[in-house]
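These notes concern the structure reproduced below.
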Amino acid sequence: MRTGTTAPRPAKAETLSVSTSRNVSTGTEQRMGQKVMQQFVPGTNPLKVLSARTPGLSFSSGDALGLDAWSSSLYMRGFYWNSVGISLDGIPLNDQSYGTLNGENLSQAIITNNIAGMSVSQGGGAVDTMSTTNLGGSIQISSANPSDKMGGDVSQMFGSNASFRTYGRFDTGAMNKTGTKMYISYARSDTHKWKGAGDQLQQQAEAKIVQPIGQDSRISGFMSWSNNSQWSYYDLSLSEVQNGGWSSEYLYPNYGKAYREAQKYGGDADLYDGGQHQVNYLGGLTFDMAMTRNLHWKTLFYANSQVLYGTYADPAVPSQVLPGATEAAPLSEEVWQSHQARYGMTSSVKYNIAHHTIQSGIWLENNNQEMGQFFYNEPSLASGLAPLKTIGPYNVYGRAFMESYDFKWTTNTFQYFLSDTYRPVHNLDIHAGFKSLITTTSGGAQYNNEAYTGASALANGSMTAAAAFLPHVSVNWRFLPGHELYFDVAENMRGYGVQSWGSAGQASLWAVQDQSVFRKLQNSTPAERDWVYLVGYRYNSKYANFSVDAYHVNDYHHLLEINAGNQNNPILSVAPTDISMYGVDAALTLHPFQHGVMKGLSMFNSVSYNHATYGSNLESGGQLYSVNKKNIVNYPQVMYKSNLTYAFRGMEAHIDANYYSRRQYSYTNDTSVPAYWLVTLGARYRFGDYGPMKNLTFDFSVYNLANSKYISMMGENGNPMSGDLYSMERGAIRQYFGTVSAHF
C-alpha cells in the first residue's frame, strides 16, 4: 500500500552533463559527478564510466561492466594506464594494469556508489600529482563524505547471465556536538561469465569517518577491503577470430576432455581453465588544516596491501602421482603468487599572498614487492576426485610440487614539488612550477629453477629513475565572457616497473630471459621521459559548452614489451624506442532549451584524433623489424562519442553511441583489429517516497544494443612484432540490467 507519497523529483538537465573546466595548475579538466555516473549500471568500473564521456580515453573490457581484471585496459591519448597518474583522495594508485606491483586497481579500491566525483587532466598533469606513472595525464577520484543526517542507501541489481549486485550503506549522521560522522558500506557483485562457464565474484567493504575541527579544518579516515574471485575469459588470436572462433573458451568444467587432450597434445592442448583471486586492503588518514586565513596544510598517511593469485591449468607440466593413485594427471595448476605492501605519506602547504598562490609539498613511499610461480597437483581422472578451482584453494592435493622462480624487490620513492600561480589581472592566470622525483628499485630473482627457466641466473639488480627538475608552465586567459585560451607545457618521468621472468602485461627489465640481458639493459636503458605540449580553446554558456585541444608529445626511452617467439611459444623481451604523438580532441555539449518540457534535453558529442608513431626499428630474436614511423598498437586513431539525454519530471532516458576506429595489433602494422560501434541504452524512473523509502528509483539499461561483434582488450600477453598472437579478448554480447534503489 502506498503511504506518505510525494511527487517525483524532477531531474535537472544541467547536472547530467560532464563539465569541462580549466585548472591552470593541472591542465584541461573533465569533471564527472554522481548524476552522470548514475546513468551507468551500478558497480561499473569507474574508469569505464569516465571513458564513455571523455574525449581521448579508450577503455576496453571483456565483460559489460569492466570488472574482469585480466581483460580490462585503459588508454589516455595513446598512453597505457600504467603511464597515467591515478589517485583516490590523494592516495597514489599508480599502475592500473593487471598484476601490478605498483598500486591498486581503482575498481577494487572504492565502491562506485561511494565516489563523489572524478576529474581527468590530459595535459602534462599537475606537479602536485604524486605518481611514478604520470606521463600521459592524471585522474583524481574523490570519495563521498558521510552524511550529516542518519540514514542509508540500498540498491539491488539484476541482469543477464545471473548478474546480481547488492549494495548497502549506513550513515551515522553527526554523532556529537563536534560533528563527528561516518559511514560503512558493503557491495557484492556476482555474475556468470557471458561466454563459457565460471563465476565472477567481487566483494567490497568500506568505512569513512570525518571529524570537523572548527569551520575550515578536519581529520578524515578511509578504509577499504576487496575480495575478487574470477574465472577469466579465453585469450584469442586474430586468425582464430577470422576463422569463426568468436565463441572459443576454456574447457571448464569438462575436466575429462581437458585431461585427454593434455595426454594427446601436451602443451598444445586447449586449456582447462584460467582466472584470478585477489585480496586488497587500502587505508588513509588525512589531516586537512586551515592554519591561518591564507595558509593551508594537508598531510596524508596511507597503506596498501595486495595479494594476487593468477592461474591457469597448464598441459605442458604434468602433476605428480598422488598417494593411492596409479597415474599422474597430464596437467597441473600453474599459479603466479604476488604480493605488495605499500606505506607512504604526502604533505603539502598552500599559501595565498597578494596575487600569488604558492604551493609546496613532498611524497614518500616504500613498497615491498614479491612474485613467484608455483605448480600444484591436479587429480588423475581415474581417481574421481574434483579438479582444482582456478580461484583456489590450490593445495587441496598437497603443497606446490614445483617452484619455477621467486622475485623480491623494494622500491623507495621521493617527490618534491614547488609551484606558483600568479594572477596579475582578474582574467589571466600564469602558473609555473617543477617537481623533483627519484624512485629506486632494488632486488630481483631470489630463486631460479634452471630446469624450468633454462637460464643459469635470472634478473637481479638495482635501477634508479631520477630527475631533479621536471618543469610545468601553463597560462589561462579569459579574453571575453565565456571564452578562454590556454596552453600547457610539462616534462614528466616514469619509474621502472617490476615483473617477474616471462610475465606479460608490462615491459619490465626484470622480466627478460636471463641476468646477462638484464645487465646489458641496466646500463643502457634510461628512465622514460616525455614532453607534453597543449594548446586549447573553451567556450561556455547556458546553451552550449565547447572545447578543443591540440597536443604534441615527445616520449623518450619508451620500453616496449615484445615477443621474440611465435604464436604458440612466445618468448618475452623488452626494447626501448621513442614515440612521437600529435592529436586533437573536441567536445560539444548542447542544452538547447531552457524552459518548457524540452528543458531536460542535452546532447553531447566528441571526436578525437591521435597520430602516434614509433621512432626506430626494433630487433627481436635476431631479426630486424621495420617499426620506424609505424602507428602505436592497441589505440584507435579516431574515436567518436555521443550521448543524448532527456529528463522530464521523474523520468529520464539516454543513449550512448561510441565509435572506435581500426587498431594496430602488431608493431610492424601488418595485422590490425577492425573498427566497431558500441551502443548503450538506459532509462530511469523516480517513483518518489514510499513510507520509510525515499526516492525509490528503478533503472534499466541495455549494453551493446546492436549486439556488435568486436575485439575489446588487446595485448594482455604482449603484442607480436609481426603477424599474430593469442593476446586479445572479445567484447561482451548484448546484456540487460535492471536496478531498484532507495534512500532511507
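None of these values were measured; they are calculated from a predicted model.
A side-chain donor from one of Gln140 and Ser138 sits under 3.5 Å from a side-chain acceptor of the other. Inspection of the Glu528 and His557 side chains reveals no N or O donor paired with an N or O acceptor under 3.5 Å. Residues Ser360 and Tyr416 have side chains that bring a donor and an acceptor to within less than 3.5 angstrom of each other. Between Ser143 and Asn114, the side chains place no donor N or O within less than 3.5 Å of an acceptor N or O (distance only, hydrogens not considered). Gln39 and Glu652 share a donor-acceptor pair across their side chains, judged by distance under 3.5 Å alone. With no hydrogens or angles considered, a side-chain donor-acceptor pair links Glu484 and Asn476 at under 3.5 Å. Thr132 and Asn102 are linked by a side-chain donor-acceptor pair at a separation below 3.5 angstrom, with hydrogens and angles left out of the test. In this model, a donor atom of one side chain and an acceptor atom of the other lie less than 3.5 Å apart for Gln211 and Thr180. Side chains of Asn105 and Ser107: a donor-acceptor N/O pair is present below 3.5 angstrom, by distance only. Looking at Thr178 and Asn176, their side chains do bring a donor and an acceptor atom within 3.5 Å of each other. Side-chain N/O atoms of Glu206 and Gln204 include no donor and acceptor closer than 3.5 Å. A donor atom on one side chain and an acceptor atom on the other are found under 3.5 Å apart for Asp549 and Tyr486. Between the side chains of Thr129 and Asn134, no donor-acceptor pair is found at a separation under 3.5 Å. With 3.5 Å as the limit, one finds no donor-acceptor pair spanning the side chains of Asp95 and Thr133. A donor-acceptor contact under 3.5 angstrom links the side chains of Trp297 and Ser347, judged on distance only. Side-chain contact of Tyr183 with Asp153: a donor-acceptor pair under 3.5 Å is absent, judged by distance alone. At a cut-off of 3.5 Å, with distance as the only test, no side-chain donor of Thr410 or Asn412 sits close to an acceptor on the other residue.
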Please list every donor-acceptor pair under 3.5 Å in which a side-chain atom of residues 215-223 meets a protein atom from a residue at least two apart or in another chain.
{"from": "Ser217", "atom 1": "OG", "to": "Ala290", "atom 2": "N", "distance (Å)": "2.8"}
{"from": "Arg218", "atom 1": "NH1", "to": "Asn145", "atom 2": "OD1", "distance (Å)": "3.0"}

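Just one residue in the list Gln359, His431, His356 forms a side chain to side chain donor-acceptor pair (under 3.5 Å) with Asp420, and that residue is His356. The side chain to side chain contact (heavy atoms under 4.5 Å, CB included) test with Ile139 is passed by exactly one of Gln30, Met76, Gln122: Met76. Exactly one residue among Thr440, Thr439, Asn94 makes a side chain to side chain donor-acceptor pair (under 3.5 Å) with Thr413. That residue is Thr439.
Counting heavy-atom neighbours within 6.0 Å of Tyr343 OH, excluding the residue itself, gives a total of 12 or less.
In terms of the side chain to side chain contact (heavy atoms under 4.5 Å, CB included) criterion, residue partners of His355 (sequence neighbours excluded) are, by chain and number, Tyr422. The side chain to side chain contact (heavy atoms under 4.5 Å, CB included) check on Phe170 picks up Met150, Thr172, Ile184, with sequence neighbours excluded.
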Practice problem: Report the C-alpha distance between Asn610 and Ser608 in whole Å, list the side-chain angles of each, state the deciding distance to 0.1 Å, and finish with yes or no for side-chain hydrogen bond (donor to acceptor under 3.5 Å, both in side chains). | Solution: CA-CA 7 Å; Asn610 178 283; Ser608 304; over 6 Å; no

Self-check item: side chain to side chain contact (heavy atoms under 4.5 Å, CB included) assessment of Met175 paired with Met182
Solution: CA-CA 9 Å; Met175 295 185 288; Met182 69 174 294; 4.2 Å; yes

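Atoms CD and CD, on Gln306 and Gln108 in that order, are 7.0 Å from each other to the nearest 0.5 Å.
A cation-pi contact, defined as under 6.0 Å to the ring centre and within 45° of the axis, links Arg77 to Tyr551.
Under the 4.0 Å criterion applied to side-chain N and carboxylate O atoms, Asp530 and Arg494 are not assigned as salt-bridge partners. Looking at Lys181 and Asp171, no side-chain N of the basic residue comes within less than 4.0 Å of a carboxylate O on the acidic one, giving no salt bridge.
No side-chain heavy atom of Arg538 sits under 4.5 Å from any side-chain heavy atom of Asn545. Contact annotation: the side chain of Ser419 never approaches that of Asp128 to less than 4.5 Å [non-hydrogen atoms, C-beta and beyond]. For the pair Asn368 and His339, the minimum side-chain heavy-atom distance is 4.5 Å or more. Contact check for Thr112 versus Phe40: no side-chain heavy atoms found under the 4.5 Å cut-off. The side-chain heavy atoms of Asn82 and Thr100, taken from C-beta on, include no pair separated by under 4.5 Å.
Under the 30°/60° scheme for interplanar angles, the aromatic rings of Trp81 and Phe59 are found to stand perpendicular. Ring pair Phe479/His483 is tilted by interplanar angle, where 30° to 60° counts as tilted.
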